[in-house]
Amino acid sequence: MEDSKKTLNFIEEIIEEDIRNGKHGGRVHTRFPPEPNGYLHIGHAKSICLNFGLAVKYKGKANLRFDDTNPVTEDTEYVEAIKTDIRWLGFDWDDREYFASDYFERLFQFALQLIDSGKAYVDDSSSEDIASLKKGPTESGIESPYRNRPPEENRQLFLRMRAGEFPEGSRVLRAKIDMTSPNMHLRDPVLYRILYKEHHRTGNKWCIYPMYDFAHGQCDSIEGITHSICTLEFENHKPLYNWFIRELGIFPSQQYEFARLNLSYTVMSKRKLLKIVNEGLVEGWDDPRMPTIAAFRRKGYTPASIRNFASLVGVAKRDNVIDLSLLEHSVREDLNKIALRKMVVKDPLRLTLTDYNQEGEQVEIENNPEDESSGSRSVNFSRNLYIEREDFMENAPSNFFRLKPGGMVRLKGAYIIICNKVVKDTQGHIVELQCSHIPESRSGSDHSGIKVKSTIHWVEASTSVDVELRLYDRLFSVEDPNSKDDFMQFINPDSLKIEKYAKAEASLMQPEPDQHYQFVRLGYFKSDPDSKSGVPVFNRTVTLKDGWAKSKQKTD
RNA sequence: UGACCCAUGGUGUAACGGUAGCACUACAGAUUUUGGUUCUGUCUGUUAAGGUUCGAAUCCUUAUGGGUCAACCA
């Protein structure tokens with residue numbers, strides 16, 4: 001995908017070392033293993049780019065495998081959404097689409113193998129008893145009274161568990177490892193539990209389901225995954241996975257852990273995102289304020305910008321919180337090159353050119369100054385215009401370069417104008433500006449010799465169309481809401497601002513659904529699916545960098 | 001106070017015993033018919049203390065700080 005940097009991240013170093021040593025014949029095979037119980041977020045995007053990117057870089061393969069071992073939370077709705085997101089990001093798994101549930105029978109056989117070799121037993125204890133005998137990390141656990149059942153009895157019991165002879169929760173299958181291990185995962189972990197739940201793929205075929213720890217590593221092994229890449233919190237599980245590989249004598253996939261992505265001003269855990277959705281603080285998983293891939297897509301991010309972001313953040317083992325500004329930088333960089341420029345006034349103020357007596361005319365404005373091949377377009381111009389309310393200030397400070405009484409600005413692509421009169425209503429609100437123009441300053445044939453400090457955008461009044469602008473801000477008002485238990489307290493109440501009465505140049509009446517726009521001086525925008533009922537709706541992908549807003553903020 | 005992991009500018013990330021670099025941010029300036037873009041420049045860093053070495057961000061020890069683990073979740 002993106003050009004590889006000269007320096008390698010630690011996983012690439014391991015892979016190149018493995019290739020040099022001819023490990024697995026130099027084969028590189030990774031996988032992305034989502035659980036279909038929620039939508040993918042930008043943190044998953046990092047993992048997707050890593051796993052699929054590594055396969056591309058080292059001419060290997062990457063599988064898509066759904067870790068669907070818990071039927072109570074999983075659903076096909078999520079399976080489809082996840083596939084859509086990965087494809088949108090630009091990655092392909094060919095026909096290598098797998099499900100942990102595809103391997104249920106083999107996993108069951110693995111369990112029997114452990115039972116027969118005396119390495120697993122059926123435990124009749126309650127979950128409370130199992131938990132309490134495990135003890136805490138600072139003291140040894142105590143062995144279960146069922147721990148020394150003979151293999152043959154365990155086999156019969158486990159078979160009967162599968163046959164549905166026991167009630168849910170009455171028994172589990174556990175590995176027989178070491179109740180005194182300082183690693184909690186080695187204290188006879190549960191391998192199978194009884195669950196009378198319909199599975200989204202296997203239906204009612206099973207009433208026992210493997211635990212993640214008993215499934216994940218073996219699935220990797222079955223698929224011949226060479227480099228099993230996951231996040232840091234699974235580091236303590238690795239000794240257990242290696243124990244399974246050894247006891248079962250199966251393909252030795254090797255796990256490597258990297259630090260998950262955290263983004264400032266947002267949360268990344270599925271649990272927290274689900275809560276935000278369920279409590280109605282956003283419209284849904286693809287609400288553009290969410291950090292999900294679906295939300296970024298709807299907001300107007302490009303796959304390339306997210307891939308580039310993933311490469312900018314790097315891969316390491318240190319906990320991190322990435323500046324939101326890096327993501328924004330990445331999308332601006334991409335959009336600047338491809339977004340068609342349009343003029344839209346979000347908060348319109350009437351402006352009349354009192355000395356402009358023509359019917360009106362067409363002015364020619366470039367579609368993208370960064371891309372000559374994008375050409376130009378004709379824009380209607382007349383004596384009746386709208387400009388941005390905030391581009392006028394009655395008592396302006398000296399560093400305000402836009403319109404002020406007696407001041408001059410250029411109307412983008414048209415004339416230099418002078419503000420002569422401010423018209424107010426009875427309450428003193430400004431309702432109109434009366435200006436005159438300098439005919440010889442017309443863009444393209446300017447021989448006025450006048451230099452102005454500022455160029456502002458505008459739209460012609462009679463041909464303008466009404467559009468709705470949805471302006472987004474960070475979801476949280478604090479930089480690291482993840483660190484707060486009561487993270488919901490820090491939701492930004494102003495994360496969405498809707499401009500219902502924006503005026504746009506006529507061409508935006510029928511926006512191209514896939515086109516990215518830059519509304520000059522306002523930011524990058526993309527049409528929203530809500531646009532159907534006559535009024536076009538645009539999501540602001542990201543603002544433009546704004547030196548003026550920044551300097552204003554400082555003096556406030 | 002058990003085990004495992006981590007520690008480089010404001011934020012990320014390089015440097016593999018030999019000049020601490022890159023990106024983002026911030027700041028300053030130039031250019032600009034978007035206070036955008038582009039260009040130039042500036043600020044800020046090896047957690048601490050010992051050791052090994054001609055030489056340590058890098059190796060060792062200890063301390064300190066942070067993270068993960070005690071679901072029949074993944």
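Predicted, not measured: the structure shown is a model, and the values here were computed from it. In what follows, chains carry the letters A, B, and so on, assigned in the order in which the sequence lines appear, proteins first and then strands, with residues in each chain numbered from 1.
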Nearest listed nucleotide, side chain of Thr138(A), among G2(B), G12(B), U37(B): G2(B)
Touch class at under 4.0 angstrom, heavy-atom based, for Ser443(A) against every strand present: base
Nucleotides 69-74 of chain B: protein proximity per nucleotide (B base, S sugar-phosphate only, - neither; heavy atom, under 4.0 Å): SBSBSB
Non-hydrogen atoms of Tyr121(A) and Ala175(A) that approach each other most closely: CE2-O, 3.7 Å
Partner of His457(A) by side-chain hydrogen bond (donor to acceptor under 3.5 Å, both in side chains), out of Lys412(A), Glu388(A), Glu505(A): Glu388(A)
Sugar-phosphate only, base, or nothing, as touched by Leu544(A) at under 4.0 Å among non-hydrogen atoms: base
Heavy-atom pair with the smallest gap, counting every atom of Arg389(A) and Pro348(A): NH2-O, 3.9 Å
Lys404(A) side, atom NZ; Ser398(A) side, atom OG - distance, nearest 0.5 Å: 7.0 Å
Whole-Å C1' distance, A30(B) and U46(B): 35 Å
hbond_proxy Glu370(A) side chain to G36(B) base (donor-acceptor, 3.5 Å cutoff): yes
Arg410(A) side-chain N/O to Ser441(A) backbone N/O, donor-acceptor pair under 3.5 Å: yes
For RNA chain B, stems built from three or more consecutive Watson-Crick or G-U wobble pairs below 3.5 Å: B:2-7 with B:64-69, B:10-13 with B:21-24, B:26-30 with B:38-42, B:47-51 with B:59-63
Ring centers of Phe104(A), Tyr192(A) separated by less than 6.0 Å: no
N/O (side chain, Lys238(A)) to phosphate O (OP1/OP2, C4(B)) under 4.0 Å: no
Lys545(A) side chain, from C-beta outward: closest of U37(B), G12(B), A14(B): U37(B)
Touch class at under 4.0 angstrom, heavy-atom based, for Pro239(A) against every strand present: nothing
Touch class at under 4.0 angstrom, heavy-atom based, for Gly444(A) against every strand present: base
Whole-angstrom distance between A23(B) and U37(B), as gauged at atom P: 16 Å
Polar pair under 3.5 Å, donor/acceptor by atom type, side chain Thr455(A), base U34(B): no
Short side-chain N/O contact from Arg332(A) to OP1 or OP2 of U37(B), under 4.0 Å: no
Aromatic ring proximity, centroids under 6.0 angstrom, Phe66(A) and Phe99(A): yes
Sugar-phosphate, base or nothing in reach of Glu328(A), heavy atoms under 4.0 Å: nothing
Aromatic centroids of Trp548(A) and Phe401(A) separated by under 6.0 Å: no
Sugar-phosphate only, base, or nothing, as touched by Gly413(A) at under 4.0 Å among non-hydrogen atoms: base
Whole-Å P distance, A57(B) and U40(B): 31 Å
Aromatic contact, Phe258(A) with Phe10(A) (centres under 6.0 Å): no
Under 4.0 angstrom between Arg318(A) side-chain N/O and U8(B) OP1 or OP2: yes
Touch class at under 4.0 angstrom, heavy-atom based, for Arg187(A) against every strand present: nothing
Distance between P atoms of G55(B) and A14(B) (Å, rounded): 29 Å
Residue Glu235(A), side-chain heavy atoms: nucleotide from U33(B), C5(B), A14(B) that is nearest: C5(B)
Rounded C1' spacing from U58(B) to A20(B) in Å: 11 Å
Length of the line joining Glu12(A):CD and A15(B):P, which is rounded to integer Å: 11 Å
G12(B) to G45(B) separation - C1' atoms, rounded to the nearest Å: 13 Å
Any Asn482(A) side-chain heavy atom under 4.5 Å of Phe487(A) side chain: no
Closest to side chain of Asn9(A), choosing from U11(B), G12(B), A14(B): A14(B)
Sugar-phosphate only, base, or nothing, as touched by Val452(A) at under 4.0 Å among non-hydrogen atoms: nothing
Close aromatic pair by centroid cut-off 6.0 Å: His329(A) and Phe309(A): no
Heavy-atom donor-acceptor pair, Arg410(A) side-chain to U33(B) base, under 3.5 Å: yes
Sugar-phosphate only, base, or nothing, as touched by Phe400(A) at under 4.0 Å among non-hydrogen atoms: base
